[in-house]
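Throughout, protein chains are lettered first and strands after them, A, B, ... in sequence-line order, and every chain is numbered starting at 1. The figures that follow rest on heavy atoms only: side chains count, while hydrogens, waters and symmetry mates do not.
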Amino acid sequence: MSLGQPSRPRTINRWGTLQTKIIIWSFLPAVVILAIVAVVASLANDQFTESLVIQRDKQLIRLSASELSNQLNDYFDRLDDVGRGMVPQEPNFQAVALEESRNQLVIFDGGVVVLDQFGKVAASQPSRPEIIGQDWSDREYFTNMVRGQYSVPVASNITKDGPNGIDVLALSVPILHGGEQKFLGAIVGMFQVNGRSNNSFFGEIVKLRLGNITYLVDNHGRVIFHTDPALIGQDFSQQTIIQSLQKGEVGAAHTSGPTNGADVVASYAPVPRTPWGLVAEEDWNSVVHPSKVYGRYLLLLLVINIIIPVIIINAGMHRLIKPVGVLSAAAQAVATGDFDHKLEIRTGDELEELGEQFNRMSSQLQAQYENLENQVASRTERLRVVAALSDQLNSILNVEELLDAIIFQIQDYFRYYHVSIYLLHDDDNMLVTAAGTGLPGLQMRTKGHHIPLYAEKSIVAEAARTGQAIRVDNVQNNTIWLPNPLLPLTRTEIAVPIVQAGQVLGVLDVQDDKVGKLDENDATLLRSLANHIGVALSNARLFEQTKLAKEAAEAANHAKSAFLANMSHELRTPLNAILGFTQLMSRSGSLSADQRQNLEIISRSGEHLLALINDVLEMSKIEAGRIVLREQSFDLHRLLSDLESMFSLRTQEKNLALVFERTADVPQYITADEGKLRQVLINLLSNATKFTDNGRITLRTHYVPAEPPQLHFAVSDTGAGIHPDELGKLFEPFVQASNNPKKLEGTGLGLAISRRFARIMGGDMTAVSEVGKGSTFQFHILVRLAEADEVPDEAPKRKVIGLAPNQPTYRLLIAEDVEVNRRLLVKLFQPFGFEVREATNGQEAVQIWDEWEPHLIWMDMRMPVMGGYEATQQIKATLKGQSTVIIALTASAFDEEKDSILAAGCDAFLRKPFREQDLFDILAEHLGVRFVYDTVTGSQNGATAVTTAEQYTALLTALPNPWLTAFRTAVLQLDLTQMLALLDQIQAQSPALAKHLTELAHSFEYDQITALLPPQRV
Amino acid sequence: MSSQNTLNRLQRQLKQGRLNRREFLQLAGLLGITAVTTRCTPSETSTPTPSTVQLVYEDWETDWFPGMAQETLAQFHETHPNIRVFYKPDPDDLETSMIVQMKAGTAPDVLQGCCTFFPVWAQQGQLLDLRPYVAADLDQETLDDWNQAQYRSFFTPNGVQYGLPKYQGALAVFYNKDMFDEAGLAYPTTDWTMDDYLTMMKALTVRDGNGRTTRWGSILDVSWDRLQIYVNSWGGHYVDPQDASKCLMGAPEALAGFQWVYDRMWQDKVMATALDVEKVETRNAFLQKKTAMVEDGSWALKDILANADFRIGVAVFPKGPVRHATLATTDGFGIYANTPYPDQAWDLLQFLISKEYGLAMARANFLQPARKSLIQDWVGYIQADYPEQSKDVDLAAFADGQINEYAVTAEIFPNITAAANLASEAWNKIFTLNQQPVSSMATVCQQIEAAQKSS
């Protein structure tokens, strides 16, 4: 048994158990109290220890001083024994006595002397003849003895009575003789006081083992003995302890060591019967170490005091809590649906009773749960069906299929007698059978079974009208039920309206063959299904509408593309002829000036028309998403320089200043779409030049070293400016500023194209302007830095004037259906010595190719009978055809056509209208034809090198119109003087041009000069 | 004994590989506790060894010893510049004052002891166990150079080695050759017996007309070890060799030995009691010619040679009816257990047991060297200083027991203090005062055993 998705039993962590909590709360007070006791005991222990140590050391130093005093008795006795052995009647009895006791006195390493009753030195051991007879009656060990009535031995301070005057300590005892104890003098034993002496008296001090440092000082504060031998003899009188000693005080203190500043307990006491003081310094840590160890043991005991009861109580609690754990586990088992888990608690107490109650509760829960589970299973199944059905409905977007799927799925899942769907037709208020199960359903649909919306006897119509589900448990008892002869077994029926967005779309009708079989659960289910059907139906209808709209849009787009393609072809084809023949005619040197002027007009108009077409096509391509970014590496500096040259003449003509500024970090070589960049810049500069009558035009370029790098351009002018209302629409196609007097020139697409190009190149374009002050158009693009060797060499543009000698006669076939275009090419190539034949369609081209085997075919791709594609494929399909070069000619505006052309087998691609230079370049490239060029090379004064006639023409074009008119007139009138005068005027501005024209003038080559002149401006 | 001492002892045993399982567990437990307490210890608190260690060495206060000691210690200071030794003469009440000093912590670092009190100090834990040091630093040749009986005497019943031999105090019999010649007696030979001794004592005893003895054949110091020789000679022991707490003074063999001495004093009156010689020391009684012989040791040789106005002879101790025995005294050097500098004290003790120090003592006062290898040097010193007096002295008699290994040392009970006091009191009544029979030693023996159990 399972509850399906039971809540996961909560895991109680170790510290959250009842057992742990009881133990913690039981012992928390004890732990707190014990911790307080530990802290207090520790503090008290420290204080008590310090007090105890000080008291101990005080007593110890007192006892040690006393012990040291007692030890002196041995030495006094030893001296006294010698004194008592003296026999005064004998001569030199003092010396004799000392000699006899020599071995006994050897322990006095400072020697022994005997003073007579007047204090004069009478004898010494070892022998010191120099002191015999000296008066030592002023010695303290003698005077004190005399003062003390000879009753006590005397210990001295440090004195210099030792051998050779060294420091010694003197112990003296009186020599008393006879029963009357007559004073005969004193016997004085001396110990050396220095770090080298190992006398036994020092041993007495060492034996005391008082501390790390022990020392003995005399009454003057001088050190008699010190643990550190180097300090023996030093003066310690300034130390506080010594001063206390000199006052006879006994004491101990925890302090910084008087000797070395260490943390010590220093104790001191006077040595009884002597003028000495004994001091001991003991390292504090070593003193309190036992106490600290004791403290640690105490702490250990406290911890044990907690741990052991915790262990014992833990064990006891475990026994007590275990049934609770069993109960908890059982509760968790029940929570997870395991009702078979029965408790076995035999504790004989309340827990056992609780266990029995739990088992009873578990049984009751099990019974209730099984009932609930059945209900849930049924509902879950219905919901699952609804969900599955909903998923399926959402995936079907055809209305008919959708409705069929709905009824058959419902029938399949729930086994109703009959299921049908009626759709409401708004136009005639009819509920028409749209789908139905079984044969009756099919018949109803094919026969167009329908129910008027306002039929009185129809629960389907009733449901549609009221927007409410109608359930009839027994149709026999229902007054509005309408029998259907196709469904004779119907006994119960539910009609549920299909509503979407408040609008009744139809009715879902379900019938069954048992009275009362359709209950409220079915009604609820069908209502839910009807909602889903409404949504799906709505979606399907919407999809169908959208599909139709899309198809219409695609058709329109296709028509537009076809129109553009046709327009491209149809416009460019005649334009090709116009421009081509104009160029051909221009080559003739026999034209009159008037004719030449007419040709120029034709050519310029053609060029203008081509530019307009190109703009329109460019915009169309952009909108069609057919613009392709063609990146290549190029010399940016040269591009800017070319533009500067190009526009400098125009601006000069209008007396405008042209300024090109670029920051030092603008890279020379970049990779970008040079053509588009050039086009944008030319457009902006052209506009600026066009709309500025005075002032200046500035192009600023700067580099932003971002990732990827950026180039920013700004073209500023001092023209009329643009009104703010129009500034926002400036980049829209076919829009020109209203204050622009020259707005009728051009298509109005330039800025739109420019901004689109800037965006295509990864940047954008903006404009700021102020009426009367001028405008600034700025844009940026993304570039990549390039190296010089990545930039392809640009071949100089040269004018072909003939074929080089010693070449074969090349055969060229021109396949072109438009005669003028054919004639144009024939007239272009034949004068150079090429053999040329013509074909008007692909089929003819293939035939001529097969017979004549031309070296190269100029193939128009769009021709009647057989197009260029098919003709190319047939030719290239043969082995012979592999050696024939086929160059495609197309008037298509779309770049993507190039791919299909090359795929057909063409070797190259040339778009109409073409320039003759491009045609010659192709012949040179693919056939290896060598031409003779009209070449002008060299440069002077750093001026731009001029190499071709076109460039001279371009330079002339840039010159001011009045100058051009005057020069043209001078040429036509063969007025050499005037020509030279005019050429002199442009010497500074364009030295190469001036030089070349001057040379031609001097050679009377007026035709060539005329050929170079640009078409006369209108 | 403190845990630290126990730890030290166990660690030394561990070094020697002589730990049983129980001791090993004890050591492990102590190490564990030490580790716990050490981990809690913020800093090392043991006394650091200073650059120069100061040691106190106490030894005899006899008139010749201090000079000899200070002079000889100069050699030690030369070889041990970081150890400074202060020699200090023993106090008069060495036996009692030393134990007080030991318990007060003011005992000298290195000391000498003998007789019954030396083992008492050891039994009370006041002397350092020398076994680790001996094992580490002394070679077998050195160990073999000592009389083994004397060497073994410095071990307590539970195995602690508390001392090393200072000198060989061998008991012998000094005799007055003039008196022997006067009595027409042959001098004692190396194989004489107790019967021979008795005969000679009788022959040399002189009594006046009132029957009052004016000269006794011999005299002995009624003390623990001197009487023990008689017990041993009769085959007995004070202490059961198998059980140190069991007293055998009441055994027939012991009683026979005691009885023989008692009979000589009170039955034959050929051996003087302390009262007979008015409590004059036995050596002085001999020098004062109150006795013809005296049982004394090699330690008395110089005193006797220097002060005797008669010709001296020395005989080995007479052989008893059961075995030949003589006393090897147990004078030795030890180290105070609580010295802060045990290693340096051991350095000093090694010097004191060296041949140099032994020869110094032999040269200064004819102290018989504990090392066998120095016997000839010792003899040489005597003969050099007293060529005439020592000319006919059989100095080898002192070394005979040492060489032939019949010398014995004092037998020691675990509670020797109680035993010595009980025995001394009894012997005073038996031998000096003649107030109770020898058989009373059986009761004394029971009291001694009881004292062992109660200690």
Legend entry - Portion of A/R102 that has a non-hydrogen atom of chain B nearer than 4.5 angstrom: neither
Inset, instruction - With a 4.5 angstrom heavy-atom cut-off, could you sort out which part of B/E61 is near chain A: side chain, backbone, both or neither? - result: both
Inset, instruction - Using non-hydrogen atoms and a 4.5 Å limit, figure out which bit of B/A69 sits close to chain A: side chain, backbone, both or neither. - result: neither
Legend entry - Non-hydrogen atoms of A/G203 and B/V56 that approach each other most closely: O-CG2, 3.3 Å
Inset, instruction - Any chance you could measure B/T106, atom OG1, to A/E67, atom CD, to the nearest 0.5 Å? - result: 5.5 Å
Legend entry - Distance in Å, B/D63 CG paired with A/R78 CZ, rounded so as to fall on 0.5 Å steps: 9.5 Å
Legend entry - Heavy-atom side-chain contact between B/P66 and A/N103 under 4.5 Å: no
Legend entry - Distance in Å, B/R84 CZ paired with A/N198 CG, rounded so as to fall on 0.5 Å steps: 5.0 Å
Inset, instruction - Begin from the C-alpha positions of B/F86 and A/K207 and carry the test side-chain contact (heavy atoms from CB on, under 4.5 Å) through to its verdict. - result: CA-CA 9 Å; B/F86 298 95; A/K207 261 177 55 178; over 6 Å; no
Legend entry - Minimum-distance pair of heavy atoms, taken over all atoms of B/P89 and A/I107: CG-CG2, 4.1 Å
Legend entry - Region of A/T227 that comes under 4.5 Å of a non-hydrogen atom in chain B: both
Inset, instruction - Identify the heavy atoms of B/K88 and A/D74 that sit nearest to each other, and give their distance. - result: NZ-OD2, 4.5 Å
Inset, instruction - Can you measure from CD (B/E58) to OG (A/S200) and round to the nearest 0.5 angstrom? - result: 9.5 Å
